[in-house]
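Below is one structure, written out as structure tokens; the observations come after it.
Everything numeric here is computed off the predicted structure, so don't read it as measured data. Order of the sequence lines fixes the chain letters, A, B, ..., with proteins taken first and strands second; residue numbering starts at 1 for each chain.
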Amino acid sequence: MAKIVVDVMLKPEILDPQGNAVASALPRLGFTFATSVRQGKRFEIEVVGDPTSEQLAEVEKAAEVLLSNPVIENYVVRVEK
Amino acid sequence: MAKIVVDVMLKPEILDPQGNAVASALPRLGFTFATSVRQGKRFEIEVVGDPTSEQLAEVEKAAEVLLSNPVIENYVVRVEK
Amino acid sequence: MALDTVAIAQTTPDDIQPFAQLGLKADEYARIKEILGRRPTSSELAMYSVMWSEHCSYKSSKVHLKQFGDKAPKSDALLVGIGENAGVVDVGQGYAVTFKIESHNHPSFVEPYQGAATGVGGIVRDILTMGARPVAVMDPLRFGPADAPDTRRVLPGIVAGVGGYGNCLGLPNIGGEVIFDETYAGNPLVNALCIGVMKHSDIKLAKAAGAGNLVVLYGAKTGGDGIGGVSVLASETFGSGGSTKRPSVQVGDPFVEKVLIECSLEIFAEDLVVGIQDLGGAGLSCATSELASGGSGGMKVALDKVPLRDPSLSPEEILMSESQERMCAIVEPEKLARFLEICAKWDVTVTAIGEVTDGDRLIITWNDQVIVNVPPRTVAHEGPVYNRPMAQPAYIDDVNSQVVQLPIPSSAAEIRATVLQLAGTPNLADKSWVTSQYDKYVQGNTIQSQPDDSGMIRIDEKTHLGVAISTDANANWSYLNPYQGAKLALAEAARNIATAGARPLAVTNCLNFGSPEDPGVMWQFAESVRGLADGCLEMGLPVTGGNVSFYNQTGAVAILPTPVIGVLGVIDDVRTRTPMSFDVAGLDLYLLGDTHADLAGSEWAFMHGQRVGQSPTADLGREMRLIEVLLAGREEKIFSAAHDLSQGGLSAGLTEMVLRHSVGATITLADVGISLLSESPGRVIVAIEASKTDALSTLAAKYHITLSKLGTTGGDSLIINDAVISLAELRTAHTATFPKLFG
Amino acid sequence: MRVGVITFPGTLDDRDAARAVIAGGAEAVALWHADADLKNVDAVILPGGFSYGDYLRCGAISRFAPVMKLVIEAAGKGMPVLGICNGFQVLCESHLLPGALTRNSDLHFLCRDQEIEITNTQTAWTSSYSVGQKIVIPLKNGEGSFQCDDETLAQLEGEGRVIARYVGQNPNGSRNLIAGISNARGNVVGLMPHPEHAIDALTGPTAEGLGFFTSILNAMVK
Ligand SMILES: Nc1ncnc2c1ncn2[C@@H]1O[C@H](COP(=O)(O)OP(=O)(O)O)[C@@H](O)[C@H]1O
Ligand SMILES: [Mg+2]
């Protein structure tokens with residue numbers, strides 16, 4: 001069944017201590033692929049049936065006021081199978 | 001430029017207090033769309049150039065040993081434009 | 001993106017510069033030109049504008065704050081006074097203690113978690129900078145109405161931020177305040193206090209001495225934090241090349257700060273620095289100009305060497321960035337290698353960015369081009385000084401001439417209802433919902449913390465030397481009479497530590513007010529400073545430092561004048577402190593001090609929406625005699641417990657005491673309503689064994705302090721005359737409020 | 001006997017743990033996360049704190065510290081290892097102990113005096129107590145909720161490897177009120193609340209945590 005996913009990431013210019021911690025741990029474990037790591041949140045929202053466009057609009061609103069803090073974060077809403 | 005994304009979610013049988021908190025806050029704000037909310041982590045990893053399949057294999061390994069805890073979490077690795 | 005250099009500035013004297021957008025007045029801009037003998041470069045303009053801001057230059061408050069020096073009592077305890085990052089006092093046995101309070105009000109409204117977190121981070125670095133190990137924090141907080149929707153956003157975020165940062169640093173939180181009033185809606189107050197301990201010989205100062213010594217920047221990389229304002233420079237002066245989307249919110253990384261603390265303490269222990277300064281407000285502009293002017297004035301800095309988190313930053317932005325968790329040290333060249341080694345051990349980024357020079361100019365280059373060439377004192381210390389107009393606001397006479405009209409309980413049912421209502425009102429209710437989010441045990445030296453009258457920590461495990469500290473403000477009284485309000489807050493803070501048996505030693509303060517451009521607010525401020533300075537002189541307590549926060553105002557509505565006063569005291573043996581409450585039945589309870597019908601500005605008046613009348617008048621002579629009684633009583637082991645009375649009067653004081661160890665009390669009061677509700681200052685409840693009655697009377701008589709019997713301890717109820725309140729229902733009333741409001 | 005106390009970057013309760021070791025009658029030996037040997041210690045404590053800021057997951061990054069390789073080796077040979085709070089999290093991440101510690105169910109950091117019941121006194125760290133003994137020691141963490149799958153839980157319970165349980169209301173959502181567990185052999189113990197902050201009623205709620213640090217002496221004498 002499809003679900004709605006909201007990805008919330010710190011804005012690029014905002015310090016990301018968690019991402020930095022991961023970025024500096026990786027090479028210590030021998031992983032050298034990353035030039036940068038950012039860590040954010042992923043919300044998986046289930047609705048009854050398949051998401052409607054009204055629901056998506058509502059989720060957008062919720063993402064704006066509850067799931068993210070627009071002062072420091074950006075969000076993306078999408079449907080995932 | 002493309003980046004590698006790792007989504008880490010708690011296994012379905014593991015209690016998710018953060019997701020539950022969001023699920024119960026939504027209706028208080030008048031949002032009634034969700035039947036369930038789970039909250040996980042999203043890592044955005046940048047590499048030099050476009051991700052190669054070797055890099056993706058490495059990221060899989062890193063996701064397994066560092067980015068997730070297999071006792072409680074599942075992960076998915078993918079490339080995102 | 002063209003670089004503005006000193007050479008260019010000399011040849012283009014008439015270029016238009018966006019000084020007004022940067023907050024500088026035309027005459028201030030003219031003065032900069034006069035100082036430099038030319039127009040400033042854009043980097044110089046950036047530096048002057050931040051350093052001459054209200055926040056950094058104290059331009060509106062300076063003329064008043066002078067009184068703390070002018071009226072300073074003679075004190076042998078003061079090792080470092082006002083003017084350094086934090087004051088330092090001698091607490092004996094070779095130990096020195098440094099403590100200071102700072103505000104982070106505006107950022108905490110915009111982003112409660114990060115605002116509060118970085119507030120804690122900033123004050124901790126100030127303390128570290130003095131050479132001390134930070135050992136505890138406190139957080140006096142003020143919010144809009146407890147049941148307002150925005151308070152539900154702001155309060156949990158701020159509390160989580162204070163805890164998130166302080167807990168991660170391993171600093172026990174040993175006290176604070178949580179007060180609600182509608183004027184703080186839109187202007188929450190987040191004041192953060194930190195205490196540090198060192199040996200006398202370890203004191204460090206912010207000065208760059210010795211030509212050839214290196215300027216070393218260490219800690220986090222520099223990003224675009226907190227420089228929203230300067231984007232005007234980037235965009236206006238430099239076209240659209242620079243990024244205009246700079247975050248005005250700073251995000252803290254407490255882990256980096258924790259590592260920075262340990263790294264710095266190792267560096268200090270090996271005596272590797274000549275001078276040191278943290279990077280707080282105004283970042284590198286502040287650190288370089290203050291360090292240089294603390295020395296002989298000469299310093300050269302290569303700004304392009306600063307490690308960047310965001311490579312697109314312009315030099316102007318780097319100078320103004322308020323990225324957290326950074327320090328700037330002056331290091332002798334032969335000690336640099338060891339300095340770098342210690343940084344490597346802790347995985348701390350470190351770079352030598354310049355050196356101390358002969359001469360008296362601060363010269364900053366960008367890829368070898370001179371972009372700043374200024375006398376550093378003019379940036380750091382010779383900012384504008386305003387004697388702002390002030391006038392007693394009209395409301396003063398109006399409210400002072402009115403008399404509070406309040407219901408006064410007398411029947412058993414009314415007494416019960418009143419005590420329960422006070423126990424649960426947000427300003428007096430149990431604050432565990434907040435304080436259980438703070439680690440109070442870490443470091444293993446916490447002797448007292450919430451809900452005790454003061455925080456107390458052990459400094460020496462062998463001798464049991466300790467310090468106690470309390471912060472207080474009574475904005476309701478300050479509103480009615482700012483002069484008295486400041487004195488009363490000082491007295492209360494001092495009394496709070498003396499109840500435990502610590503002798504008051506020194507004062508810090510955080511003065512939170514509305515707009516200084518409002519003559520009424522300016523008057524409130526001036527009166528508060530005058531009251532505090534007079535009070536400190538009378539009580540013989542030096543002001544060691546503090547902070548001013550203006551513009552706490554929404555539209556025309558200013559916050560209540562809120563001078564938060566912190567008093568630090570010493571106790572020679574923490575094991576012998578007087579506890580806040582009793583844990584056995586059969587003790588006698590007495591009240592020290594006089595009770596009058598002091599209801600104006602009381603919590604009871606606040607609960608009835610009345611903000612009129614006259615505040616009590618501080619009698620500091622009597623307060624000092626009361627303190628002597630408390631100290632002597634502790635030494636002579638007379639007291640089983642002692643608890644200060646303040647907001648909520650005797651009703652609140654008794655509630656807190658009986659609930660502490662779940663031992664009730666039976667109290668008999670004449671004029672019961674006033675006795676329970678009055679907030680007359682200078683009162684303390686003490687519990688004694690009957691055998692100590694004579695000793696107590698003798699002591700009270702010696703210091704001319706009124707002594708009256710209240711009752712005895714025991715049972716599982718608080719009984720006041722014929723009103724019986726079970727501890728269970730009292731506890732429910734006291735503890736249910738916060739969880740109900742904040743989840 | 002020598003008890004090592006490991007400091008990772010961000011460890012906070014290391015000095016307190018060392019103080020408790022001394023109060024228990026042993027010698028405290030400071031170990032650094034980057035150390036390449038265990039300095040001949042007889043037992044190791046991983047103290048509380050926020051190692052590496054507790055970013056990613058608590059204990060996830062510390063697990064890879066050089067010293068942990070040695071600890072895992074020594075634990076395999078039977079050396080007593082105690083992980084307190086963050087140390088417990090590191091032990092789980094290192095797979096020396098099963099399960100994981102997740103966000104407190106109410107999502108708040110919680111610092112309070114917590115009553116726990118000792119349910120196994122056969123381990124290296126609990127022999128000074130009696131089964132069923134109730135003690136009050138500080139609990140202070142944001143991620144103290146013990147989680148594991150049903151099978152693991154059944155195994156832990158079946159083998160008596162739950163060494164302490166919260167008494168009264170569940171403070172953080174831990175399964176079966178679990179406050180601490182041990183490995184099968186009983187030498188490795190993880191405990192969420194902080195016995196090292198309850199060795200002296202002057203600075204802690206009680207002195208009832210001292211037993212963890214005296215137990216280790218018995219373990220060595222045997
Ligand atoms: N209300 C005050 N009372 C006394 N001293 C003050 C007060 N406000 C500021 N100061 C002193 O002025 C100096 C500069 O203050 P501040 O800019 O807050 O320091 P910092 O640069 O460390 O943040 C400090 O020594 C501080 O203690
Ligand atoms: Mg400072």
Side-chain angles (χ1 to χ4, degrees), chain C residues 133 135 156 159-173 252-263 325 344-348 432-450 456-458 461 464 466 573-577 579 739 742-743, chain D residues 7-20 22-23 32-35 47-56 58 61-62 65 85-86 104 106-114 137-143 171-172 193-206 209:
Chain C
R133 172 173 284 282
V135 294
V159 169
V162 170
Y165 208 100
N167 295 342
C168 189
L169 291 189
L171 293 174
N173 186 305
D253 185 340
F255 170 64
V256 167
E257 178 130 321
K258 167 66 180 167
V259 168
L260 195 59
I261 291 172
E262 298 304 330
C263 176
E325 294 100 19
K345 170 184 168 187
W346 289 99
D347 206 6
V348 166
S432 302
W433 187 90
V434 171
T435 54
S436 67
Q437 297 185 48
Y438 304 151
D439 186 344
K440 64 177 178 182
Y441 285 115
V442 65
Q443 296 199 9
N445 288 312
T446 304
I447 308 298
Q448 289 186 176
S449 57
Q450 194 271 348
M456 184 184 290
I457 47 169
R458 179 174 65 181
E461 284 185 46
H464 294 96
D573 184 345
V574 294
R575 293 170 303 178
T576 65
R577 75 196 179 284
F742 303 108
Chain D
T7 300
F8 300 94
T11 293
L12 305 178
D13 298 299
D14 43 352
R15 267 165 244 150
D16 309 276
R19 190 190 284 125
I22 295 164
W32 177 240
H33 73 114
D35 279 350
F50 288 73
S51 59
Y52 292 98
D54 272 0
Y55 298 139
L56 187 55
C58 305
I61 299 179
S62 304
C85 193
N86 194 220
N104 292 350
D106 74 353
L107 302 178
H108 296 303
F109 184 97
L110 175 66
C111 174
R112 79 168 192 206
D113 302 340
Q114 176 69 44
I137 63 179
L139 179 68
K140 54 183 188 84
N141 58 63
E143 309 199 13
N172 50 27
H194 290 260
E196 82 282 17
H197 284 293
I199 58 161
D200 178 352
L202 181 67
T203 50
T206 64

Quiz item: How about D:Asp16 and D:His194: do any of their side-chain heavy atoms sit closer than 4.5 Å?
Solution: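 D:Asp16 does not reach D:His194 side chain to side chain.
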Quiz item: Under 4.5 Å between any side-chain heavy atoms of C:Tyr438 and C:Val159, yes or no?
Solution: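 Counting from C-beta outward, C:Tyr438 and C:Val159 do come under 4.5 Å.
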What option among [options] has the most heavy-atom pairs under 4.5 Å with chain D?
options: C:Gln448, C:Arg458, C:His464, C:Gln443; result: C:Gln443
options: C:Lys258, C:Arg577, C:Gln437; result: C:Gln437
options: C:Ile447, C:Asp347, C:Val574, C:Ile457; result: C:Ile447

Quiz item: Which residues satisfy the salt bridge (charged side-chain N to carboxylate O under 4.0 Å, His left out) test with C:Asp573, sequence neighbours excluded?
Solution: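 Residues passing salt bridge (charged side-chain N to carboxylate O under 4.0 Å, His left out) with C:Asp573: C:Arg575.
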Practice problem: List for me each residue that meets salt bridge (charged side-chain N to carboxylate O under 4.0 Å, His left out) alongside D:Glu196, sequence neighbours excluded, and say none if there are none. | Solution: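 Residues passing salt bridge (charged side-chain N to carboxylate O under 4.0 Å, His left out) with D:Glu196: none at all.
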Self-check item: Minimal non-hydrogen separation, D:Asn104 against D:Asn172, with atom names
Solution: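 Result for this residue pair: OD1-CB, 3.4 Å.
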Quiz item: Between C:Thr435 and C:Gln450, which heavy-atom pair has the shortest distance, and what is it?
Solution: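 Closest approach of C:Thr435 to C:Gln450: OG1-OE1, 3.0 Å.
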Quiz item: What part of D:Tyr52 gets closer than 4.5 Å to chain C, counting heavy atoms only: side chain, backbone, both or neither?
Solution: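 Both parts, backbone and side chain.
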Quiz item: Which one of D:Pro9, D:Cys111, D:Gly53 has the most heavy-atom pairs closer than 4.5 Å to chain C?
Solution: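 Heavy-atom pair counts peak at D:Cys111.
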Which region of [X], side chain (C-beta onward) or backbone (N, CA, C, O), has a non-hydrogen atom less than 4.5 Å from a non-hydrogen atom of chain D, or is it both or neither?
X: C:Ser436; value: both
X: C:Ile261; value: neither
X: C:Val259; value: side chain

